[in-house]
Amino acid sequence: MYLLEHDAKELLRAFDIPSPPGRLLGSDDTIDRGTLPPGPWVVKGQIAAGGRGKAGLIRKAESAADVASHASEILGRSAKGQQVAAVRVEQQVSGAREAYVGFLLDAAGGGVRVIVSASGGIDIEHIPHENIHSALARPDESALRNCLNQLAQKLPPEIAPAVRDAGEKLARAFLGLEAMLLEINPLFVLADGRWIAGDAKLVTDDNALARRKELESVVRTRASAYTDVARKHEHGFDYVVVDPAGEIGLLTTGAGLSMMLIDEMRAAGLKPYNFLDIRTGGLRGETKRLTQVLQWIGEGKNVKVLLVNIFAGITDLGEFSRLLVTALGSANRLKVPVVARLVGTNLAAAREVLAPASIPLHTDLDAALAEVRKHLKT
Amino acid sequence: MINPRIDRTTPVIVQGITGRAGQMHSRLMMRYGTRIVGGVSPGAKVNEVNGAPVFATCAEAVEKAGAKASVLLVGAFDLLKAMEDAIDAGIRYLVTPTEGMPVHDALKAWKRCRDTGTVWVGASTPGVAIAGEAKLGFLPDDSLLPGPLGLMSKSGTLSYESGYRLAQAGIGTSVWIGVGGDPVKGTRYADLVPFYAADEKTRGLLVIGEIGGSEEEEFAQALVQHKFQKPVFALIAGRSAPEGVTMGHAGALVHGSHGTYTAKRAALEAAGVTVFGTLNEMVEGIRVRLR
């Protein structure tokens, strides 16, 4: 889960990692001077992606009126496929040096890559190579601390102690939150040697969510900011709206096959509405999950047809079809024609169930797509 | 060199055999021909599942049934401990279909496997199969036809569909390894390049990849490094996925320009790999090249 900067900073506070005082504001909040931290400010649009500065989502404000006008301009804007639902209004930090500290799970190396630089404040990709120092460490606290001490020696003496101290606390946070990426850029190093996190990029492991109460609580209390994660955590499968204006609802299983199907449909000029990995193995003879998903797909205003694509290595297609027909009957929000493409175990039984329900059944995907197209023309 | 070859004589156990998945898949694996010599379930109240004896520990399974390989069908938070039990007992071939292993656990497991020379395929692997011999995991029989194509895949379903369509076109597989969709895993595409280069039954190699991470890029590098001579084909899912959104697989997450479809395709093509845009093109392309 890619945490919004505001949530990342709040989580890091528990690990003694300070950030400038800031407030999260949504479009319903009124901005009045009394509730803001001391100025001047920086208004930062909250989306789960990098490059926010370039996208115009980060702006400096000298007065409360500036804050209000910047916030209203940034809120509701779309960047990187996400809509800005909140801004963090934060006190500006001035006169500080800007360093970089990052921890990145290195999947190929089987450890944690520790990265430091004295040239923070710009995208890591744009920092000159000779100014970046990095090494691979085992994922435990002492190995990470040793690694940081080694790397900090390569930095200018006026910032090395701050990077070392910040790095040690960040390492603890990286392990404690089971992070995959933790990057502080810029790390402000003040003239007196104190340091403060200017930005925070934190990506945690969704697989560990159930055993990390503090992260679970972020997802629960701020579900609207983490809809996909919250949904998966609650329901145990993946569903993502890939195109709110999409015309084809997808009832599919398997992450790879579902992704590929969306790719092929888009390349062919079709507009899929959602990604779904329903996990037929997890249905356990019940229609609850199917009905739920069909209701969600029913929220798509332009959805004109539902394509069911299941490759059943293990799942019994007869049983699946019975569940599908029942679920379609109770999903009152989705009233569109259905086209099924099924391959695998017990196809004959599926045919017997789907025919009376007037659901055309194909085994060839291209034939199913041709049938789907017919429903788009009307 | 990692050697993932097994055959119908390899003695295999299933850890978690008394669970729902353990019962079903031990039966399906036996039916395919895999030599399941037992199962492990620490608190089990039954003595056997599908005719296979149930042991309390891996050490017992090794001592009494001669287990050499294990398929682990246990919960995600229990997987690390179960793997350690197997490794401590001397089992050196682990296949872990369990989905949702925390990545920090996977790092610890990775280290243990490297230190002990254990072959680990997973986590979240659909399985391993030597068509016509044995399968460890979930791979559907309809997709398994013996033949000359090495196959590696992150995704289960996309590989089932691909294997099925290839089999329909008469193209079978030699050694099929589902490396799994997790970012930290026991066996990566690049790890298997030396094996496929040396394997006499493999005449071509298909990699089914997806966006996110850097495995496809590492694989391309390994091909060049090992001067891989056989034809290599690839299919990459997730071309149209939005940035920062996880599409089912934890590893399939794009950040900025890192892990994108374009970057992967370019790296693979530069290494001489034929990258297909659709399943139909893939089947046709491989058929023509391997004929």
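Within every chain, numbering begins at 1; the chains are lettered A, B, ... in the order of the sequence lines, protein sequences first and strands thereafter.
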Any A/R138 side-chain heavy atom under 4.5 Å of B/L107 side chain: no
Proximal component of B/E161, with respect to chain A [non-hydrogen, under 4.5 Å]: both
B/P183 to A/M180 - nearest heavy-atom pair and separation: CG-CE, 3.6 Å
Minimum heavy-atom distance between A/E178 and B/P102, given as atom pair plus value: OE1-CB, 3.8 Å
Options A/P139, A/A312, A/A107, ranked by heavy-atom pairs under 4.5 Å with chain B, top entry: A/A107
From CG (A/D277) to OG1 (B/T157), nearest 0.5 Å: 7.0 Å
Proximity breakdown for A/D366 and chain B, heavy-atom pairs closer than 4.5 Å: side chain
Close side-chain approach of B/E99 and A/R279, heavy atoms under 4.5 Å: yes
Non-neighbouring partners of B/E215 that pass salt bridge (Lys or Arg N to Asp or Glu O under 4.0 Å), sequence neighbours left out: B/K185
A/K54, NZ: over 12 other non-hydrogen atoms inside 6.0 angstrom: no
Under 4.5 Å from a heavy atom of chain A, the part of B/S143 involved: side chain
OG on B/S240 to CD1 on A/I262, rounded to 0.5 Å: 6.0 Å
Side chain / backbone / both / neither for B/I208 at chain A, heavy atoms under 4.5 Å: neither
Taking every non-hydrogen atom, the tightest pair across A/M259 and B/A237: CB-CB, 4.0 Å
Stepwise salt bridge (charged side-chain N to carboxylate O under 4.0 Å, His left out) test for B/K108 and A/D140: CA-CA 10 Å; B/K108 295 187 182 101; A/D140 65 63; over 6 Å; no
Inter-residue atom distance B/T278.OG1 - A/L365.CG, 0.5 Å rounding: 10.0 Å
Contacting region of A/Y226 [heavy-atom separation from chain B under 4.5 Å]: neither
Chain A neighbours within residues 109-118 of chain B, where any heavy atom lies under 4.5 Å away: B/W110, B/K111
Among B/M101, B/M24, B/R188, residue most engaged with chain A (heavy-atom pairs, under 4.5 Å): B/R188
Portion of B/L235 that has a non-hydrogen atom of chain A nearer than 4.5 angstrom: side chain
Reported CD-to-CG distance for the pair A/E264 and B/L279, which is rounded to 0.5 angstrom: 5.0 Å
B/R20 side chain near A/R284 side chain, heavy-atom distance below 4.5 Å: yes
Distance, nearest 0.5 Å, that separates CG of A/L257 from OH of B/Y160: 11.0 Å
Spacing of NE2 belonging to B/H104 relative to OG1 belonging to A/T204, to within rounding of 0.5 Å: 9.5 Å
Minimal non-hydrogen separation, A/G256 against B/E210, with atom names: CA-OE1, 4.0 Å
Side chain / backbone / both / neither for A/I47 at chain B, heavy atoms under 4.5 Å: neither
Plane angle bin for A/F311 and B/Y164 - parallel if under 30°, tilted between 30 and 60°, otherwise perpendicular: perpendicular
Closest approach of B/E218 to A/A108 (non-hydrogen atoms, all atoms of both residues): OE2-CB, 3.3 Å
Top contributor to chain A interface from B/P140, B/A21, B/G100 [non-hydrogen pairs under 4.5 Å]: B/G100
Proximity breakdown for A/A179 and chain B, heavy-atom pairs closer than 4.5 Å: backbone
Residues A/N207, B/V103; criterion side chain to side chain contact (heavy atoms under 4.5 Å, CB included); working and verdict: CA-CA 7 Å; A/N207 287 344; B/V103 82; 6.0 Å; no
